[in-house]
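Everything on this sheet refers to the single structure shown next.
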Amino acid sequence: QVQLVESGGGLVQPGGSLRLSCVASGFSLDHFAIGWFRQAPGKDREGISCISSGDGSTVFADSVKGRFTISRDNAKNTVYLQMNNLKPEDTAVYYCAAPRTWYPSCIDERAFHFLTNWGQGTQVTVSS
């Protein structure tokens, strides 16, 4: 059974950092693009970052570019989202997602449309 489990969320002050983890089971994520999404209260879910298999090329939404990084450890079947300089507007539930069919590369933000196998999410709250 394909499963994604996120962890690492919590409460952090503005300007702080968090690292989210996404552990996959039931499949080997090293052949797939993996993405991170978030959904704030009353807003649509938005794709914020994607990492390709193979060369590990990445895509970031403008809202997080320069503050967030994404990485993968195929040996641990895990993808990470490092979030720095957090702002109150980053408050949301964060989800990782995998494609339901073979989809290896994050060429641009269109990749987010193919990442529809979601984890359960982890809450991130940025507040003083």
Side-chain angles (χ1 to χ4, degrees):
Q1 181 180 357
V2 173
Q3 190 174 17
L4 298 167
V5 178
E6 303 93 335
S7 63
L11 174 64
V12 63
Q13 292 186 339
S17 298
L18 283 174
R19 188 177 80 156
L20 306 183
S21 299
C22 171
V23 180
S25 60
F27 75 106
S28 179
L29 57 72
D30 58 342
H31 298 299
F32 299 93
I34 303 293
W36 283 96
F37 295 70
R38 66 185 181 187
Q39 187 166 21
K43 295 188 176 181
D44 293 335
R45 191 175 300 188
E46 64 167 330
I48 57 172
S49 186
C50 181
I51 185 166
S52 301
S53 64
D55 66 1
S57 57
T58 58
V59 170
F60 293 93
D62 289 343
S63 57
V64 304
K65 201 172 292 182
R67 299 186 298 123
F68 290 12
T69 59
I70 187 172
S71 60
R72 62 197 301 156
D73 185 337
N74 290 335
K76 295 182 178 180
N77 224 26
T78 301
V79 171
Y80 303 98
L81 184 70
Q82 177 67 43
M83 307 185 296
N84 298 326
N85 190 22
L86 283 161
K87 304 175 181 180
E89 52 264 41
D90 294 318
T91 295
V93 179
Y94 284 70
Y95 302 87
C96 63
R100 296 187 181 273
T101 59
W102 184 71
Y103 189 83
S105 297
C106 309
I107 299 173
D108 55 34
E109 292 191 0
R110 289 173 292 181
F112 294 130
H113 296 293
F114 295 92
L115 307 179
T116 58
N117 193 5
W118 307 97
Q120 86 290 346
T122 185
Q123 176 70 47
V124 172
T125 302
V126 185
S127 175
S128 56

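Here the structure is a predicted model, which is why all the values come from computation and not from measurement.
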- Answer yes if F112 and V64 sit in the same cluster of Ile, Leu, Val, Met, Phe, Trp and Tyr residues linked by side chain heavy atoms under 4.5 Å apart, and no otherwise. no
- Note, L20 side chain near E6 side chain (heavy atom, < 4.5 Å): no
- Query: Does any donor atom in the side chain of S17 or N84 lie under 3.5 Å from an acceptor atom in the other side chain?
  - Reply: yes
- Message: Please report the interatomic distance CG(D55) to SG(C106), rounded to the nearest 0.5 Å.
- Response: 9.5 Å
- Query: Do you reckon W118 sits in the same ILVMFWY cluster as V2, going by side-chain contacts under 4.5 Å, direct or chained?
  - Reply: no
- Item | Heavy-atom side-chain proximity of K76 to V23 below 4.5 angstrom | no
- Message: Can you tell me how far apart OH (Y80) and OG1 (T69) are? Round to the nearest 0.5 Å.
- Response: 12.5 Å
- Query: Which is it for S63 and E46 under the side chain to side chain contact (heavy atoms under 4.5 Å, CB included) test, yes or no, and what are the steps along the way?
  - Reply: CA-CA 10 Å; S63 57; E46 64 167 330; 4.0 Å; yes
- Verify, without hydrogens or angle tests, whether S57 (side chain) and S52 (backbone) share a donor-acceptor contact under 3.5 angstrom. no
- Message: For the CG atom on D108, are there more than 12 heavy atoms of other groups (residues, nucleotides or ligands in this structure) within a distance under 6.0 Å?
- Response: yes
- Note on the structure: Minimal heavy-atom distance between E109 and V59, with the atoms involved, is CG-CG1, 3.9 Å
- Message: Would you say T78 and S21 are linked by a side-chain donor-acceptor pair, where the criterion is simply a distance under 3.5 Å?
- Response: no
- Non-hydrogen side-chain atoms of S28 and N77 separated by less than 4.5 Å: yes
- Which atom pair, heavy atoms only, marks the closest approach of P14 to S128? CD-N, 3.7 Å
- Close side-chain approach of S53 and D30, heavy atoms under 4.5 Å: no
- Task: Give the minimum heavy-atom separation between T116 and R100, together with the two atoms involved.
- Result: O-NH2, 2.9 Å
- Item | Evaluation steps, side chain to side chain contact (heavy atoms under 4.5 Å, CB included), between L11 and S127 | CA-CA 7 Å; L11 174 64; S127 175; 4.2 Å; yes
- Taking the side chain as C-beta and beyond, is there a heavy-atom pair between Y95 and W36 under 4.5 Å? no
- Item | Separation between CZ of F68 and OG1 of T58, rounded to the nearest 0.5 Å | 14.0 Å
- Query: Side chains of T91 and R38: closer than 4.5 Å at any heavy-atom pair?
  - Reply: no
- With a distance cut-off below 6.0 Å to the six-membered ring centre and an angular limit of 45° from the axis, does R45 pair with F37 as a cation-pi contact? no
- Message: If hydrophobic clusters are built by linking Ile, Leu, Val, Met, Phe, Trp and Tyr wherever their side-chain heavy atoms come under 4.5 Å apart, do L115 and V93 end up in the same one?
- Response: yes
- Message: Going by side-chain contact (heavy atoms from CB on, under 4.5 Å), V79 matches just one of L4, I51, N74. Which one?
- Response: I51
- Task: Not counting sequence neighbours, list each pair that qualifies as a salt bridge (charged side-chain N to carboxylate O under 4.0 Å, His left out) and has a residue in residues 63-74.
- Result: D62-K65, R67-D90
- Query: Any idea which heavy atoms bring G47 and A61 closest together, and the distance?
  - Reply: O-CB, 3.6 Å
- Query: If you look at every heavy atom in F27 and A98, which pair is closest and at what distance?
  - Reply: CZ-CB, 3.9 Å
- Query: What distance separates M83 CE from S49 OG, expressed to the nearest 0.5 Å?
  - Reply: 11.5 Å
- Query: V124 and G9: which non-hydrogen atoms are nearest, and at how many Å?
  - Reply: CG2-CA, 4.1 Å
- Query: Do F32 and Y103 sit in the same hydrophobic cluster, where Ile, Leu, Val, Met, Phe, Trp and Tyr count as joined when their side-chain heavy atoms come under 4.5 Å apart?
  - Reply: no
- Establish whether L81 and L18 are linked, either directly or via other cluster members, by ILVMFWY side-chain heavy-atom contacts under 4.5 Å. yes
